[in-house]
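This report refers to the structure that appears directly beneath it.
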Amino acid sequence: MYIILLGAPGAGKGTQADILSSELNLAHVASGDLFREALKKETELGLLAKFYMERGKLVPDEITIKMILQRIEMPDCDSGCLFDGFPRTLAQAEALDKGLTDKGKHIDKVVYIKVSDEELLKRLGGRWLCQDCQTPYHLLTVPPKVPGKCDKCGGELYQRDDDKEDTIKERLRVFFGQTIPIVDYYRNQSKLIEVNGDRGIQEVAKEIIPSLGVK
Ligand code: AMP
């Protein structure tokens with residue numbers, strides 16, 4: 001099954017993707033994580049992406065599409081995967097459809113996690129991540145058991161540079177300008193499932209899983 005999680009930055013895509021990928025045994029393909037890994041390794045891709053990420057802008061489609069199409073060639077995506085943070089533009093959505101069609105596959109469902117603006121700003125401000133396994137925490141809603149340490153692997157927690165206030169505003173502006181049109185693209189294909197993401201993590205997960213019709 002190929003599933004896309006759509007939502008603004010801070011909507012909880014990463015958290016829901018973690019739950020869904022283990023519940024449904026699907027590879028988690030997160031474009032932001034792939035860029036951050038490349039940046040950590042200082043590859044050409046990482047250095048290119050850095051310029052855009054630091055400013056809250058989208059990395060150009062050509063670079064992003066190539067990275068994702070390469071990623072889905074890996075064996076763990078043979079029978080499906082969960083896309084998180086991709087696609088974010090119509091060109092990316094169309095390129096993904098084409099890439100999957102060439103492999104004889106297709107997107108099954110698209111889950112749009114809808115969250116109010118006030119809630120998004122509140123969440124993004126307190127977000128921290130594990131630098132080793134990328135598990136997300138929130139100082140108010142999902143604090144780690146030991147401050148500054150990951151519950152799962154003990155890694156150090158850090159705040160992303162692009163979770164600073166000005167960059168957050170730019171990322172939200174980009175989302176509402178460039179990513180919202182793809183909601184209609186998938187609605188027109190009758191693949192869209194809309195979920196109210198203003199609620200707690202487990203409540204949102206409990207709505208998503210049955211709506212996919214696999215469990
Ligand atoms: P995320 O972790 O999904 O919030 O992504 C962090 C940053 O990586 C974004 O603000 C963009 O600069 C870049 N990025 C991630 N996914 C994409 C994408 N699908 N298209 C373009 N840029 C992306």
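When a ligand or atom number is given, it counts from 1 through the structure's own listing order. Positions are given from 1 along the sequence.
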Give every donor-acceptor pair under 3.5 Å between a side-chain atom in residues 73-81 and any protein atom, sequence neighbours left out.
from, atom 1, to, atom 2, distance (Å)
D76, OD1, R71, NH1, 2.9
D76, OD2, R71, NH2, 2.7

Return all side-chain donor-acceptor pairs below 3.5 angstrom for residues 83-93, not counting sequence neighbours, or 'none' if the list is empty.
from, atom 1, to, atom 2, distance (Å)
D84, OD2, H28, NE2, 2.8
R88, NH1, G85, O, 2.8
T89, OG1, D61, OD1, 3.0
T89, OG1, D61, OD2, 3.4
T89, OG1, Q92, N, 3.1
Q92, OE1, R88, N, 2.8
Q92, NE2, D61, OD1, 2.9

Show me the donor-acceptor pairs, under 3.5 Å and distance only, between side chains in residues 44-51 and residues at least two apart or in other chains.
from, atom 1, to, atom 2, distance (Å)
K50, NZ, E54, OE2, 3.3

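Remark: R171 engages D163 in a salt bridge, criterion side-chain N to carboxylate O under 4.0 Å. Using a 4.0 Å cut-off between a side-chain N of Lys or Arg and a carboxylate O of Asp or Glu, K149 and E156 qualify as a salt bridge. A salt bridge links R187 with D184; the closest basic N to acidic carboxylate O contact falls under 4.0 Å.
The residues lining ligand 1, counting any heavy atom closer than 4.0 Å, are S31, G32, F35, R36, M53, K57, L58, V59, T64, G85, F86, R88, Q92, R160, D162, R171.
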